[in-house]
Amino acid sequence: MVVDIYVGNIPFEATEEDVRKLFEVAGKVRSIHLITDHISGKFKGCGFVKMADVKARVVIDTLDGALLINRQIEVSEARPQKPGDSKPAGNRGRKPGSSSNKPPRKPR
């Protein structure tokens, strides 16, 4: 059985390896996905850990509130992704009123 775990309040300087080492205390880690901003590429301080052969409740009870580097992390069971959640929201970095099919204005 594979469980998806959401991890919040991860220190910005933490690496996948830091998260892996901590979560291996609770069981076998299959994968780690740290969330980054799709425009800047900066780490957002949260992510997902997939674990095998463990119960989500055991992982949550063991690691919720644990200290990672200099922060107490928040651990909970990941909710299923809703359809359309993977698309970036808003105007995708365009200025208000701009359209992707219009050529850029020439400076005056």
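Treat the numbers as computed from the prediction; the structure is a model and nothing was measured. Heavy-atom basis, side chains included; hydrogens, waters and symmetry copies ignored. One is the number of the first residue; the rest follow in order along the sequence.
With sequence neighbours left out, the salt bridge (charged side-chain N to carboxylate O under 4.0 Å, His left out) criterion links Arg79 to no other residue. Every residue was checked against the side-chain hydrogen bond (donor to acceptor under 3.5 Å, both in side chains) condition with Ser76, not counting sequence neighbours, and none meets it.
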Subject >> Derivation of the side chain to side chain contact (heavy atoms under 4.5 Å, CB included) call for Lys44 and Asp37 >> reply: CA-CA 6 Å; Lys44 289 184 140 190; Asp37 182 271; 4.1 Å; yes

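Taken together through direct or relayed side-chain contacts under 4.5 Å among Ile, Leu, Val, Met, Phe, Trp and Tyr, Val19 and Tyr6 form parts of separate hydrophobic clusters. Under a hydrophobic-cluster definition in which Ile, Leu, Val, Met, Phe, Trp and Tyr are linked whenever side-chain heavy atoms come within less than 4.5 Å, directly or via other members, Val59 and Met1 are assigned to the same cluster. Hydrophobic clustering of Ile, Leu, Val, Met, Phe, Trp and Tyr side chains at less than 4.5 Å, counting indirect connections, unites Leu34 with Leu22.
Remark: Leu63 CG to Met51 CE distance equals 7.0 Å, nearest 0.5 Å. Note that the CG atom of Asp64 and the CZ atom of Arg57 stand 8.0 Å from one another [nearest 0.5 Å].
The side-chain heavy atoms of Ile10 and Val7, taken from C-beta on, include a pair separated by under 4.5 Å. Residues Asn70 and Glu13 form a side-chain contact, since some pair of their non-hydrogen atoms from C-beta on lies under 4.5 Å apart. The shortest side-chain heavy-atom distance between Ile60 and Glu77 falls under the 4.5 Å cut-off. Here the side chains of Ile32 and Phe48 are not in contact, with every heavy-atom distance at 4.5 Å or above. The side-chain heavy atoms of Thr36 and Lys42, taken from C-beta on, include no pair separated by under 4.5 Å. The shortest distance between side-chain heavy atoms of Ile35 and Phe43 does not fall below 4.5 Å. Residues Lys50 and Phe23 form no side-chain contact, since every pair of their non-hydrogen atoms from C-beta on lies 4.5 Å or further apart. Within the 4.5 Å cutoff, the side chain of Val2 has heavy atoms near those of the Arg30 side chain.
Gly8 and Cys46 make their closest contact through CA-CB, 4.2 Å (heavy atoms, listed as atom of the first residue, atom of the second, distance). Considering every non-hydrogen atom in both Ile73 and Leu68, the closest pair reads CG2-CB, 3.8 Å.
Residue pairs satisfying the side chain to side chain donor-acceptor pair (under 3.5 Å) criterion with at least one member in residues 17-29, sequence neighbours excluded, are listed as follows: Thr15-Asp18.
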